[in-house]
Amino acid sequence: MKFFEYMPQGDFKMLNLAHILIIVFGLLAIVIACYLLRKVSHNKVETILKVCAIIGLVMDPLYWIWELFTTKTLHFEQTLPFYFCSLFYFTLAFAVFCKSAKVKQVCYSYLATFNIFAGLMGLILNNNLNYYSVWSFVGIRTLVFHLLMLFVSCLIWFTKYYKPQIKDLYRFMIPLGIMFVPAFIVDKIWGFDYCYLNGGKETIIEYISSAMPNIIYIILLYIVIYITVVAVFYIPTIVKYVKQNKQEKIVG
């Protein structure tokens, strides 16, 4: 069946009409769904998140099964779970199934912040869609996966299930730091490019990384990631925290 066909040299282009329409209507559907769910109990939110975690956990194994059946092998340069997007289902699973409050807060701080950037980047700048049709197994799987990432991030903000804390200023980087270790090792040994540590091959990042030593590029990349997340998500949190402290002192 063409739907399941392996097409390493497929003649498609991302951001075609079908891709753009899915981005627009997918994001609109997420915002509407999260708005409608904004007042549900946190117990119901947790149930939804558990379902999302299970779906997320099976997405990569489904891809591996497809790849084994269609190519008789696994392409380790692109199938290992060391992408930023892979952190989505790892962190969500730990967040909903782990009993430790600290682990949960670390995971939710990542899901509420950097996961949004990773989800948007994967949804919009999706290299798979340069080879596969939007209406193929690979196309549908990758788009559904990234929309699921964004739905989870929006849901925990809209429902106030995630409660930001000052310590989250560094906590959201912990999952990235953990992923960095195996990604760095396989990238160095086999020349892969997980977590964009080898220059962001075949992405717009490659134009920047090629102009400097790799170690400088890696440091700058993660500094930019940190500053961007803090500026977008946590500066408002810090301001609110300081105002609350001042009000408590005045009342006290």
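Both Leu197 and Val181 belong to a common hydrophobic cluster when Ile, Leu, Val, Met, Phe, Trp and Tyr are linked at side-chain heavy-atom distances under 4.5 angstrom. Linking ILVMFWY residues whenever their side-chain heavy atoms come closer than 4.5 Å, directly or via other members, places Tyr222 and Ile219 in the same cluster. Taking hydrophobic clusters as Ile, Leu, Val, Met, Phe, Trp and Tyr residues chained together by side-chain heavy-atom distances below 4.5 Å, Phe233 does not share a cluster with Phe158. Ile208 and Ile227 fall within a single hydrophobic cluster, where Ile, Leu, Val, Met, Phe, Trp and Tyr side chains are chained together by heavy-atom contacts under 4.5 Å. Met59 and Leu74 fall within the same hydrophobic cluster, where Ile, Leu, Val, Met, Phe, Trp and Tyr residues are linked whenever their side-chain heavy atoms come under 4.5 Å apart, directly or through other members.
Enclosure of atom CZ in Phe97 by more than 12 non-hydrogen atoms of other residues, nucleotides or ligands within 6.0 angstrom is indicated. In Phe94, the CZ atom is not crowded: 12 or fewer heavy atoms of neighbouring residues, nucleotides or ligands sit closer than 6.0 Å. The environment of Trp190 atom CH2 is sparse: at most 12 non-hydrogen atoms of other residues, nucleotides or ligands sit within 6.0 angstrom. At most 12 non-hydrogen atoms from other residues, nucleotides or ligands lie less than 6.0 angstrom from NZ of Lys167.
Among Ile140, Thr142, Leu147, the one residue that satisfies the side-chain contact (heavy atoms from CB on, under 4.5 Å) test with Val144 is Ile140. For the side-chain contact (heavy atoms from CB on, under 4.5 Å) criterion with Tyr194, the lone passing option out of Phe180, Phe184, Phe84, Phe82 is Phe82.
Rounded to the nearest 0.5 angstrom, Met121 CE and Ile116 CD1 are separated by 13.0 Å. From Lys39, atom NZ reaches atom NZ of Lys44 across 14.0 Å, with rounding to the nearest 0.5 Å. Note: Thr113 OG1 to Ile225 CD1 = 11.0 Å, rounded to the nearest 0.5 Å. Distance check: Leu111 CG to Leu87 CG gives 9.0 Å after rounding to the nearest 0.5 Å. Atom-to-atom distance recorded for Asn126:CG and Met14:CE is 6.5 Å, nearest 0.5 angstrom. For the atom pair CG of Leu150 and CZ of Phe145, the computed distance is 10.5 Å after rounding to the nearest 0.5 Å.
The ring of Tyr161 has its center closer than 6.0 angstrom to the ring center of Tyr108. With ring centers used as reference points, Tyr131 lies 6.0 Å or more from Phe12. For Phe172 and Phe114, the ring centers sit 6.0 Å or farther from each other. Taking the six-membered ring for Trp and the full ring otherwise, the centers of Tyr6 and His75 sit less than 6.0 Å from each other.
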(message) Leu148 vs Ile55, test: side-chain contact (heavy atoms from CB on, under 4.5 Å). Steps then yes/no.
(response) CA-CA 9 Å; Leu148 183 68; Ile55 294 171; 3.8 Å; yes

(request) Check step by step if side-chain contact (heavy atoms from CB on, under 4.5 Å) holds for Leu92 and Cys52. (result) CA-CA 8 Å; Leu92 183 57; Cys52 291; 3.9 Å; yes

(request) Begin with the C-alpha distance, continue with both residues' side-chain angles, and end with the deciding distance and a verdict on side-chain contact (heavy atoms from CB on, under 4.5 Å) for Ile23 and Leu143. (result) CA-CA 9 Å; Ile23 291 171; Leu143 290 170; 5.6 Å; no

(message) Test side-chain contact (heavy atoms from CB on, under 4.5 Å) on Val106 and Tyr170; report intermediate values, then the result.
(response) CA-CA 9 Å; Val106 166; Tyr170 68 84; over 6 Å; no

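Checking side-chain atoms of Gln105 against main-chain N and O of Ser100 turns up no donor-acceptor pair under 3.5 Å. Between the side chain of Tyr83 and the backbone N or O of Gln78 there is at least one donor-acceptor pair closer than 3.5 Å. Using a distance-only test at 3.5 Å, with no hydrogens or angles considered, a donor-acceptor pair links the side chain of Lys104 to the main chain of Ala95. Using a distance-only test at 3.5 Å, with no hydrogens or angles considered, a donor-acceptor pair links the side chain of Thr159 to the main chain of Leu155. The backbone N or O of Leu68 sits nowhere less than 3.5 Å from a side-chain atom of Thr71 that would complete a donor-acceptor pair.
Closest heavy-atom contact between Met179 and Cys195: CG-SG, 3.5 Å. Scanning both residues, Gly191 and Asn198, for their nearest heavy atoms gives C-ND2, 3.6 Å. In terms of heavy-atom proximity, Gly200 sits nearest to Tyr217 at N-OH, 3.6 Å. The two residues Thr228 and Phe117 come nearest to each other via the heavy atoms CG2-CZ, 3.6 Å. Contact record, Asp193 with Gly199: OD1-N, 3.4 Å, taken as the closest heavy-atom pair. The two residues His146 and Ala118 make their nearest non-hydrogen contact at CD2-O, 4.3 Å.
Glu5 places none of its side-chain heavy atoms less than 4.5 Å from the side chain of Ser136. Side-chain contact check for Phe25 versus Ile30: every heavy-atom pair is 4.5 Å or farther apart.
Salt-bridge formation is detected for the pair Asp60/Arg141: a Lys NZ or Arg NE/NH1/NH2 atom is positioned less than 4.0 Å from an Asp or Glu carboxylate oxygen.
In this structure, Phe4 and Phe137 have tilted ring planes: the angle between them lies in the 30° to 60° band.
Side chain to side chain, Asp168 and Tyr162 meet the donor-acceptor criterion of an N or O pair below 3.5 Å.
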